[in-house]
Amino acid sequence: MEPLRLAILGCGTVGSEVVRLLRQQSADLTARIGAPLEIVGIAVRRADRDRGGLPVDPGVFTTDALGLVKRDDVDIVVEAVGGIEPARTWLVTALRAGKSVVTANKALLAEDGASLHAAAAEGGADLYFEAAVAGAIPLVRPLRESLHGDRVTRVTGIVNGTTNYILSRMDATGAGFTEALDEATELGYAEPDPTADIEGFDAAAKAAILASLAFHTRVTAADVYREGITEVTATDVASAKEMGCTVKLLCVAERLADGDSAEGVAVRVHPAMMPRTHPLASVNGAFNAVFVEAEAAGQLMLYGAGAGGAPTASAVLGDIVAVARNRRTGSRAPGESSYAALRIRPMGETVTRYHMSLDVADRAGVLATVATIFAEHGVSIQTVRQEGRDDDALLVIVTHQATDAALRATIDTLAELDIVREVASVMRVEGE
Ligand code: NDP
Ligand code: HSE
């Protein structure tokens with residue numbers, strides 16, 4: 001049996017586990033593929049770094065990733081480096097030359113997946129990326145294949161483990177954001193620079209990939225409305241609890257119909273209060289889950305480890321087996337499906353609900369004035385609760401559904417009123 005030859009780019013958290021599992025499962029993988037897999041090179045930044053007894057010949061390490069990708073004896077390129085460049089150049093070069101690519105690189109796929117798909121089509125090669133969204137959880141294949149006979153209407157997910165850990169701790173202990181982030185850092189969930197996670201960039205990249213697959217439309221990270229969790233306070237979490245909700249950083253990708261029946265897609269990442277009865281509300285700690293709604297299939301939920309070396313390597317290995325089988329049988333993975341080309345709808349057109357807390361003067365007519373502002377913007381109030389605070393009062397208002405633009409305009413107008421001392425907090429309510 002001719003072996004299938006792998007070039008592995010990156011040997012960090014994910015890459016080293018891929019190498020370890022390739023060795024450990026070698027006999028089973030050979031049986032499943034019908035040919036052995038052989039690692040011909042591993043590209044890294046520091047070739048002389050101690051790799052902790054990784055079961056490979058030290059001679060396979062190189063710092064010349066592009067040279068490795070171009071080698072004639074490479075069949076499959078596995079990329080676990082990350083970032084836009086030079087990863088894009090390596091992968092486009094490989095795909096154009098007809099080499100299959102397996103990548104975990106969500107940032108690249110969300111920024112410029114189109115270039116990778118075009119290169120795959122040009123070279124007649126496979127592009128697999130299961131590990132790019134939510135680590136071990138099978139999501140790309142279900143959306144790209146299993147649900148291709150159906151019409152997906154909405155994808156709602158918790159796709160970032162670090163932020164879910166922080167929000168779960170805030171919910172369980174009453175801790176503030178900074179305290180919970182410190183704990184996440186100590187336990188190794190949060191990176192030394194946690195910006196990509198806590199500001200929602202990581203989740204936005206995953207949301208773009210999921211939306212592209214679900215709606216057959218090119219969606220990039222720049223198309224995703226994004227808010228992180230840095231402004232979420234212990235008071236917000238306590239208010240959510242009072243409503244029977246918990247706070248989650250959600251990614252929501254949904255099909256929206258225009259008045260004239262043309263459709264669009266809206267994709268967003270932001271913290272939201274979610275009823276504790278919703279299946280996603282019970283996803284705690286660093287776990288991820290994605291809730292898919294499709295017209296015929298109904299509601300589906302996929303849950304599991306969204307990060308970490310071994311779980312992510314599991315998804316990479318699944319892809320390696322798939323591309324290896326395809327190479328042996330001469331078949332190919334589905335290419336990019338972007339035929340629907342739905343319009344990307346701005347956040348303002350999204351329909352949602354707001355929970356807000358206003359510090360107001362406690363005197364006659366204040367409530368009526370506030371209610372009038374809501375009415376003028378066409379926003380219906382669902383509940384109002386008032387707590388007295390000396391000469392002031394805290395008004396906690398939950399709205400019915402309205403467009404985000406109308407809700408935002410209501411807040412902006414309220415903030416300008418003399419009787420409103422402060423808009424203390426605003427958070428969307430989702431999942432009812
Ligand atoms: P790490 O930082 O742990 O590893 C990166 C690897 O890439 C290292 O081996 C590094 O070499 C190598 N590298 C960096 N720059 C270059 C370069 N210019 N040329 C050659 N090699 C280079 O990253 P992760 O393993 O955590 O992540 C890899 C990818 O997987 C990213 O796209 C990430 O988004 C994705 N991913 C990660 C998950 C996780 O839980 N970690 C989960 C899902 C996806 P050296 O070892 O010498 O430093
Ligand atoms: N930083 C990411 C997370 C890793 O916390 O989920 C997986 O993409």
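No hydrogens, no waters, no symmetry mates; every other heavy atom, side chains included, goes into these values. Counting starts at 1 for both ligands and their atoms, in listed order.
- Residue contact check for ligand 1: Gly135 places no non-hydrogen atom closer than 4.0 Å to it.
- For ligand 2 and Gly306, the ligand atoms under 4.0 Å from any heavy atom of the residue are 7 (C).
- Contacts between Thr13 and ligand 1 below 4.0 angstrom, taking non-hydrogen atoms only, involve backbone and side chain alike.
- The ligand atoms of ligand 2 that sit less than 4.0 angstrom from a heavy atom of Gly161 are 3 (C), 5 (O), 6 (O).
- The shortest N or O to N or O distance between Gly308 and ligand 1 is below 3.5 Å.
- A salt bridge between Asp75 and Arg5 is present, with a side-chain N of the basic residue lying under 4.0 Å from a carboxylate O of the acidic one.
- In terms of polar-atom proximity, defined here as any N/O pair under 3.5 Å, Trp90 makes no such contact with ligand 1.
- At least one heavy atom of Lys206 lies less than 4.0 angstrom from ligand 2.
- With a 4.0 Å heavy-atom cut-off, ligand 1 is reached by the backbone of Arg46 and by its side chain too.
- Look at Arg51 and you'll find a heavy atom under 4.0 Å from some atom of ligand 1.
- A cation-pi arrangement, defined by a distance under 6.0 Å to the six-membered ring centre and an angle within 45 degrees of its axis, is present between Arg51 and Phe61.
- Summary of contacts: the protein heavy atom closest to atom 8 (O) of ligand 2 is Lys106 NZ, 2.4 Å.
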